[in-house]
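What follows is one structure encoded as structure tokens, with my remarks underneath.
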Amino acid sequence: MSSPVGGTGADRSAADGPVAFSATPSLAFRILTEVAETAAVSLAAAAASAAAQRLTARLPRAAKATWERTNHAGSTVTLLEGPAWIGGAVSGLAVGAVFRRGAEGSSAAAGSPIAGLTVTVAAGALGALDDLAGTAARKGLRGHLGALRRREVTTGAVKVAGLALTGLVGAVIADGRRWAADEGASGVVSGPASTASAAMSTVVGGAVVAGAANAANLFDLRPGRALKVVMGAAGPLALTGSTSAAAALGTSAGVIGDDLAGVSMLGDTGANAAGALVGLALVERTGLRGRLIALGVLTALTLASERISFTKVIESNGLLRRIDEWGRVRP
């Protein structure tokens with residue numbers, strides 16, 4: 001008797017069995033790899049930032065004095081938490097780069113460690129310029145733009161321009177990796193219309209990175225506040241496998257103890273770097289629509305900060321006040 005057209009059950013099992021068997025472990029392996037990477041990046045960043053913060057405490061007195069400021073309560077705090085935050089983030093991103101290099105077919109949405117390193121270091125350097133050479137005479141976007149109208153270039157204005165360029169470069173690197181991955185998977189080269197849309201998405205993404213860098217700085221007014229905002233934004237993104245978010249989450253956890261104790265604060269150096277890295281993580285996980293929404297929210301926050309006090313808003317709301325004060329060491 002002849003066999004059925006589809007072959008015997010044994011034939012089909014022999015033909016189909018190996019395919020099903022090899023596909024399932026591949027998916028499981030990728031999931032386990034992403035979970036391991038997220039955990040490794042976060043832990044490495046936390047350990048590195050905590051170690052860096054301990055090392056800064058051992059610097060010569062003259063070196064530490066340059067970074068000391070008086071906080072809202074009249075106490076002396078150090079801004080060296082900012083460089084420590086950057087050190088932790090760079091360490092976490094370096095671990096992520098090792099995973100990316102060893103994992104075949106790694107997801108482009110997981111993020112580009114190179115883009116993360118670029119925005120973290122560049123935004124941090126611009127923040128350091130404002131921390132070390134800036135003055136309190138010109139504050140906020142309105143103050144710096146007003147100075148420019150009088151042909152007075154402030155460190156804040158330099159930082160605004162620098163953050164815009166930093167955000168654009170970071171978005172170009174991140175999107176370039178995504179475009180290459182998408183075209184490689186589909187085998188289709190983008191046409192003029194799709195190229196224009198992609199370019200617009202990248203420009204908006206750059207603005208999101210710059211806006212996030214500025215927004216994080218708006219919250220660095222009370223112990224632990226900015227770091228809670230950063231961790232709250234980075235946490236969900238880290239759960240989706242974002243290397244940038246995992247690094248931001250881990251390094252924030254490593255330094256938050258001294259921040260809550262009122263001993264140190266991020267300063268522009270750390271806040272700008274933290275915001276930029278979280279902004280990049282969001283850019284890596286969204287398209288044009290998501291980026292436009294994020295930019296709208298960040299723009300609203302920036303404009304609102306010129307007219308209202310975030311501290312007063314937080315203190316007038318019971319839930320926000322409790323979250324803001326959680327973990328803070330009372331004098």
Side-chain angles (χ1 to χ4, degrees), residues 45 48-49 52 67 79-94 96 111-134 140-141 144 154-175 202-220 226-227 229-231 233-234 237 242-252 254-255 259 265-284 291 294-295 298-299 301-302 305:
S49 63
W67 293 85
L79 303 184
L80 284 170
E81 178 184 311
W85 194 99
I86 293 174
V90 168
S91 299
L93 290 167
S112 166
I114 298 300
L117 288 168
T118 300
V119 302
T120 299
V121 174
L126 290 164
L129 172 66
D130 216 11
D131 276 337
L132 300 178
L141 185 62
H144 295 305
T154 64
T155 56
V158 172
K159 185 175 73 171
V160 169
L163 287 176
L165 179 59
T166 296
L168 182 58
V169 171
V172 166
I173 296 173
D175 283 350
T202 297
V203 171
V204 174
V208 169
V209 174
N214 178 69
N217 203 26
L218 298 177
F219 291 96
D220 194 30
L227 287 172
V229 171
V230 169
M231 295 174 76
L237 290 168
S242 169
T243 301
S244 298
L249 179 65
T251 193
S252 296
V255 299
D259 198 306
M265 60 186 293
L266 285 170
D268 287 18
T269 304
N272 288 152
L277 188 56
V278 174
L280 178 69
L282 181 61
V283 165
E284 290 170 335
R291 295 176 186 187
L295 182 59
L298 291 169
T299 300
L301 280 173
T302 301
S305 71

Set of side chain to side chain contact (heavy atoms under 4.5 Å, CB included) partners for L295, sequence neighbours left out:
V204, A207, V208, T299
Please identify which of these residues, L227, N272, D131, meets the side-chain contact (heavy atoms from CB on, under 4.5 Å) condition with L266.
L227
Residues that A45 engages under side chain to side chain contact (heavy atoms under 4.5 Å, CB included), provided they are two or more places apart
T251
For the CG atom of L280 and the OG atom of S242, what is their distance to the nearest 0.5 Å?
7.5 Å
Locate the shortest heavy-atom distance separating A271 from A216; write the atom from each residue and the value.
O-CB, 3.3 Å
Using the side-chain contact (heavy atoms from CB on, under 4.5 Å) definition, which of the options V169, V283, T166 pairs with V119?
T166
Output the distance between atom CG (L163) and atom CG (D130), rounded to the nearest 0.5 Å.
9.5 Å
Does anything in residues 81-90 pair up under side-chain hydrogen bond (donor to acceptor under 3.5 Å, both in side chains), and if so which pairs, sequence neighbours excluded?
E81-S264, W85-S252
Where L277 and A247 come nearest, the two heavy atoms and their spacing
CD2-CB, 4.2 Å
For the atom pair CG (L237) and CD (E284), what is the distance rounded to the nearest 0.5 Å?
9.5 Å
Could you report the tightest heavy-atom contact between S244 and G116, atom names first, then the distance?
OG-CA, 4.4 Å
Counterpart residues, side chain to side chain contact (heavy atoms under 4.5 Å, CB included), relative to A234 (two or more places apart)
A245, A248, L249, V278
Spatial distance of atom CG (L132) from atom OG1 (T269) [nearest 0.5 Å]
6.0 Å
Minimum heavy-atom separation for G267 and N217, please, with both atom names.
O-OD1, 4.1 Å
Check salt bridge (Lys or Arg N to Asp or Glu O under 4.0 Å) between D268 and all other residues, then give those that pass, not counting sequence neighbours.
K159
Roughly how far, to the nearest 0.5 Å, is the CG atom of L93 from the OG1 atom of T120?
5.5 Å
Compare every heavy atom of G205 with every heavy atom of A171, then report the nearest pair and how far apart it is.
CB-C, 4.0 Å
How far apart are the closest heavy atoms of A212 and G275, and which atoms are they?
CB-O, 3.2 Å
To the nearest 0.5 Å, what is the distance between CG on L168 and OG1 on T202?
8.0 Å
Residue list, side chain to side chain contact (heavy atoms under 4.5 Å, CB included) with V90, at least two apart or on another chain
I86, L117, V121
